[in-house]
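First the proteins, then the strands, lettered A, B, ... as listed; each starts at 1.
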Protein chains: 2
Amino acid sequence: MANEQLQEAVDALKKTKVRMTPQRHAILEFLFDSMSHPTADEIYKALEGKFPNMSVATVYNNLRVFKEVGIVKELTYGDSSSRFDCVTTDHYHVICSDCGKIVDFHYPGLDEVETLAEHVTGFQVNNHRMEVYGRCPECKNISKH
Amino acid sequence: MANEQLQEAVDALKKTKVRMTPQRHAILEFLFDSMSHPTADEIYKALEGKFPNMSVATVYNNLRVFKEVGIVKELTYGDSSSRFDCVTTDHYHVICSDCGKIVDFHYPGLDEVETLAEHVTGFQVNNHRMEVYGRCPECKNISKH
DNA sequence: TTCTTACATTATAATTCTTATAATTTATTT
DNA sequence: AAATAAATTATAAGAATTATAATGTAAGAA
């Protein structure tokens with residue numbers, strides 16, 4: 001369940017001298033609950049009922065903190081604002097070029113690519129990013145008519 | 001050579017009713033010559049000697065056109081501005097997390113990933129993006145001292 | 001070749017996303 | 001419970017990108 005992962009994330013934060021605040025908890029909760037990949041603004045809007053005085057800066061600040069600790073990943077696409085995804089299991093994303101929908105899919109981590117890149121370039125490789133682009137079933141249908 | 005690929009790109013544009021202008025040619029030439037991955041602003045600055053009156057908007061507009069035709073790829077990272085890369089052979093990028101340097105490396109296209117994603121998600125997959133992150137040899141040395 | 005028209009460019013303003021700043025508030029330590 | 005270090009807020013500033021309107025130009029037709 002999402003709750004266990006949330007708890008793990010909270011524990012991870014405690015170990016790194018990062019204080020737990022209601023705002024931080026709410027942002028994390030929202031990220032883990034919604035299995036979507038919200039933008040900073042979406043998070044801000046979703047929580048303004050609970051925290052009418054919360055600042056957008058708080059959302060951005062905390063997303064940066066979460067990224068540094070390693071429990072959140074930033075997804076950047078050309079068009080608009082960044083999206084944020086909690087780092088849970090090893091999954092990748094398929095993104096619809098038409099409507100922007102993001103769908104997760106599982107695939108074994110591309111470790112071979114990392115090691116090859118390391119040998120060929122002399123870099124000390126830490127991680128990678130991979131996304132697949134195409135058209136989602138809905139958009140495929142729309143274009144047929 | 002870069003010249004042949006440039007010619008191919010120009011031909012591809014002619015077929016799609018996109019007019020060839022001196023500015024467009026210069027932008028393409030710069031992209032194919034420099035095997036780096038310049039930002040829109042870098043392109044703008046590089047060409048202001050040749051085109052003192054060229055507008056930044058022109059660079060952005062044309063990069064968008066090139067992207068739509070499929071001869072240029074946009075690489076977006078969270079922090080700063082997008083970088084642009086001409087779509088040539090199948091190569092991927094290793095990016096230094098410290099200094100931002102981008103180095104190409106060859107690797108067989110990840111076709112299996114695309115087909116798997118297609119089957120699992122029902123998307124019609126067209127392409128993918130993959131990057132490896134780490135620290136370049138230079139930055140590794142710096143941090144040792 | 002010249003004319004015409006639709007497309008490109010320019011210059012500027014506007015937007016949008018994100019970060020910086022300073023004052024206030026709050027969580028943790030002593 | 002007091003002290004301190006960090007987080008939040010509100011606002012302003014910054015940077016990257018896009019929109020707008022006027023002017024200029026490429027490419028096909030006469």
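- Between B/H37 and B/H93, the ring planes are perpendicular. Angles over 60° get that label, and only those under 30° would be called parallel.
- A/E42 and A/Y44 share no donor-acceptor pair across their side chains, judged by distance under 3.5 Å alone.
- A donor-acceptor contact closer than 3.5 angstrom is absent between the side chains of A/Q23 and A/T58.
- A close approach under 4.0 Å does occur between a side-chain nitrogen or oxygen of B/Q23 and OP1 or OP2 of C/dT10.
- Atom CZ of B/F51 is separated from atom P of D/dT25 by 12 Å (rounded to the nearest Å).
- One can place OH of A/Y44 at 13 Å from P of C/dC17, the figure rounded to the nearest angstrom.
- Dashed line: the shortest gap from a side-chain N or O of B/S55 to OP1 or OP2 of C/dT12 is not under 4.0 Å.
- Under 4.0 angstrom from either OP1 or OP2 of D/dT17 there lies at least one side-chain N or O belonging to B/Y60.
- Side-chain N/O atoms of A/S82 include one lying less than 4.0 angstrom from OP1 or OP2 on C/dT18.
- The distance between atom CE of B/M54 and atom C1' of D/dT25, rounded to the nearest whole Å, is 16 Å.
- One can place NZ of A/K45 at 12 Å from C1' of C/dC17, the figure rounded to the nearest angstrom.
- Contact between the side-chain N/O atoms of B/T21 and the OP1/OP2 oxygens of C/dT9 is found at a separation under 4.0 Å.
- For the pair A/M20 CE and C/dT25 C1', the interatomic distance rounds to 18 Å; values are reported in whole Å.
- The nearest whole Å value for the distance from the CZ atom in B/R24 to the P atom in D/dG24 is 19 Å.
- Atom-to-atom, CD of A/E68 to P of D/dA7 comes out at 11 Å; the value is rounded to the nearest Å.
- Sequence order on DNA chain C of the closest nucleotides to B/T58 and A/P22 puts B/T58 first from the 5' end.
- Side-chain N/O atoms of A/H91 and A/D85 include a donor and acceptor closer than 3.5 Å.
- Residue A/N62 has a polar side-chain atom (N or O) positioned under 4.0 Å from OP1 or OP2 of D/dT8.
- Minimum interatomic distance between B/I27 and B/V59 (heavy atoms only, all atoms of both residues): CD1-CA, 4.0 Å.
- Here B/R19 does not reach the OP1 or OP2 of D/dT25: none of its side-chain N or O atoms lies under 4.0 Å away.
- Each of B/V56 and B/V18 has a nearest nucleotide on DNA chain D; the 5'-most of these lies closest to B/V56.
- We find that CZ of B/F66 is positioned 12 Å from C1' of C/dA8, with the value rounded to whole Å.
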